[in-house]
There are 2 protein chains.
Amino acid sequence: MTRSEENYLKTIFHLGSGDEGSINTNAIAEQMETKPSSVTDMAKKLAEKGLVNYKKYQGISLTDAGVKTALSIVRKHRLWETFLVEKLDFAWDEVHEVAEQLEHIKSEKLIDKLDQLLKFPKYDPHGDPIPGKNGEFQEHNKDLLSELPVGAHGICVGVKDSSSAFLQYLDKHEISIGKPIQILGKEAFDGSLHLKIGEREHTVSHQIACNIYLK
Amino acid sequence: MTRSEENYLKTIFHLGSGDEGSINTNAIAEQMETKPSSVTDMAKKLAEKGLVNYKKYQGISLTDAGVKTALSIVRKHRLWETFLVEKLDFAWDEVHEVAEQLEHIKSEKLIDKLDQLLKFPKYDPHGDPIPGKNGEFQEHNKDLLSELPVGAHGICVGVKDSSSAFLQYLDKHEISIGKPIQILGKEAFDGSLHLKIGEREHTVSHQIACNIYLK
DNA sequence: AATTAAATTTAGACAAATCTAAAAATAGTT
DNA sequence: AACTATTTTTAGATTTGTCTAAATTTAATT
Ligand SMILES: [Mn+2]
Ligand SMILES: [Mn+2]
Ligand SMILES: [Mn+2]
Ligand SMILES: [Mn+2]
């Protein structure tokens, strides 16, 4: 399994985990910052190996074997992110790029020992669930902040956008996983929300609210 | 800098650190389990980048920039090996292969934080010195067991052969870094040595004695 | 010095992963 | 239904790293 194949499988897994069904060539290309023709080439190769279902012009989906492989990469990615934050004092906006490399290290013993060192964490620094050795994981029962009514309150349990820019915005406004958040008001015109975050009050745009999960 | 380029630089560094001067194409090929023609190709590329001195049929040597790069890879390799043993309970014969992958992860912050987590170790699990951020390191003042006279005694501070097979042999005979060793006698016929290792006595072949460093 | 052997380089090929440009298929619209 | 726009695939080229086989250079031996 090459690094490129692994990256494709992971991308297809992430694009497919929302709605069911098969994924567009173009969507994969955009996500991976590559060209559609490259995606087609890889689709054929992965189909050859039994990791994706692929028929010309019909889109791409993971087989059971493909899902299993994707989950093992996601597991590694998220365990490494957790390691970087918990053991090496990285900030949560600094870990993704490094984990993108570390997820391709091949050693089952390494990842199991890492899991043990971290005390078998269930969620990564962004609130995303960490699959276990056999691919099992429990997603938080969560809602997007933007879809909750005025008056709702809960705990921040995750973010949808893990970009450095967004996470730094959250840091600046003291929004982090575990923080209690209450919706004090909603602006009808642009959908911006007036929030109580811990002890402070802040107003955030609709775009921000679309990327924060509450429980 | 590609993974392959890094592996070549590291190999040239290791082959050259003994005697001075330039390294044979064939020696590099053998060490890397590749063909001499591939070495020539890479020599040209690395020369182009100013990392090696290369003139046709004249052998290959590292430039200052090449040494600097090689040292940074060796630093990463040995810090990761130390991490695997100290933090993840790997045995010293299990770390090399994984470190061979980890040494190529690109993140200066990662390696500096790892160094800090490990409390700035000076030597790796095989007794090899770990270069610092700026490439500085102090080699142990050590001697090969095979070159010491009868009666000599010292502490095992390193191994020359880091292969799994050799390290497992040492484990079996309870030879490890830090163990006091004394030469009780030498067999003239085949050069085998009768040793006192800690409290026990053992006889080891000349081949074994050629791969153990004492101080 | 001539010959043989060994080391090294060149030439040409290949697989992996990507790209551009053009062709083909599908989807959307009058 | 015909036309247009979008998506997807194909064909052919490129880069990186490798290989084999043949040619060249250097080293060793008669
Ligand atoms: Mn990756
Ligand atoms: Mn994450
Ligand atoms: Mn090693
Ligand atoms: Mn390596």
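None of these values were measured; they are calculated from a predicted model.
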- [ ] Rounded off to whole Å, could you give me the NZ-to-P distance for the B:Lys55 and C:dA7 pair?
- [x] 23 Å

Open item on the list: By the 4.0 Å heavy-atom rule, please label B:Ser38 as base, sugar-phosphate, or nothing.
Closed with: base

Open item on the list: Once rounded to the nearest 0.5 Å, what's the spacing between atom CD1 of B:Ile23 and atom CD of B:Gln31?
Closed with: 11.0 Å

Task: Whole angstrom value for the distance that separates C1' of D:dT7 from OH of A:Tyr54 - done: 12 Å

- [ ] Round to a whole Å and report the spacing from CG of B:Asn26 to C1' of C:dA7.
- [x] 6 Å

TODO: Could you please name the option among D:dT18, D:dT8, C:dT8 that lies closest to any side-chain atom of B:Asn24?
DONE: C:dT8

Task: Phosphate OP1/OP2 of C:dA16 contacted by A:Thr2 side-chain N/O (<4.0 Å) - done: no

Open item on the list: Side chain of B:Lys45 only, heavy atoms from C-beta on: which candidate in D:dT16, C:dA17, D:dT18 is closest?
Closed with: D:dT16

Task: Intermediate values then yes/no, side chain to side chain contact (heavy atoms under 4.5 Å, CB included), B:Val95 and B:His126 - done: CA-CA 10 Å; B:Val95 298; B:His126 312 111; 3.8 Å; yes

Open item on the list: Assess, by modelled atom type and distance only, whether the side chains of A:Thr203 and A:His194 contain a donor and an acceptor separated by less than 3.5 Å.
Closed with: yes

Open item on the list: If you only use heavy atoms from C-beta on, which nucleotide in D:dT8, D:dC19, D:dT18 is closest to the side chain of B:Met42?
Closed with: D:dT18

TODO: Quickly work out the A:Lys35 NZ to D:dT9 C1' distance and round it to whole Å.
DONE: 16 Å

Open item on the list: C:dT10, OP1 or OP2 - any side-chain N/O from B:Lys44 closer than 4.0 Å?
Closed with: yes

- [ ] Quickly work out the B:Tyr57 OH to C:dT9 P distance and round it to whole Å.
- [x] 7 Å

- [ ] Could you check whether B:Ser37 gets within reach of a base, just the sugar-phosphate, or nothing at all, counting any heavy atom under 4.0 Å?
- [x] base

- [ ] Answer yes or no for A:Lys122 and A:Phe137: cation-pi contact, defined as NZ/CZ to six-membered ring centre under 6.0 Å and angle to ring axis within 45°.
- [x] no

Task: d(CD1, B:Ile60; P, C:dT9) in whole Å - done: 7 Å

Task: Nucleotide of D:dT25, D:dT8, D:dG17 approaching A:Thr40 most closely (side-chain heavy atoms) - done: D:dT8

- [ ] Using a heavy-atom cut-off of under 4.0 Å over every strand shown, decide if A:Asp41 touches base, sugar-phosphate, or nothing.
- [x] base

Task: Atom-pair distance (CD on B:Gln58; P on D:dT26), nearest Å - done: 7 Å

Open item on the list: Can you measure A:Arg3 atom CZ to D:dT16 atom P for me and round it to whole angstrom units?
Closed with: 17 Å

Open item on the list: With no hydrogens and no angle check, just 3.5 Å: does a side-chain donor-acceptor pair link B:Ser164 and B:Gln168?
Closed with: yes

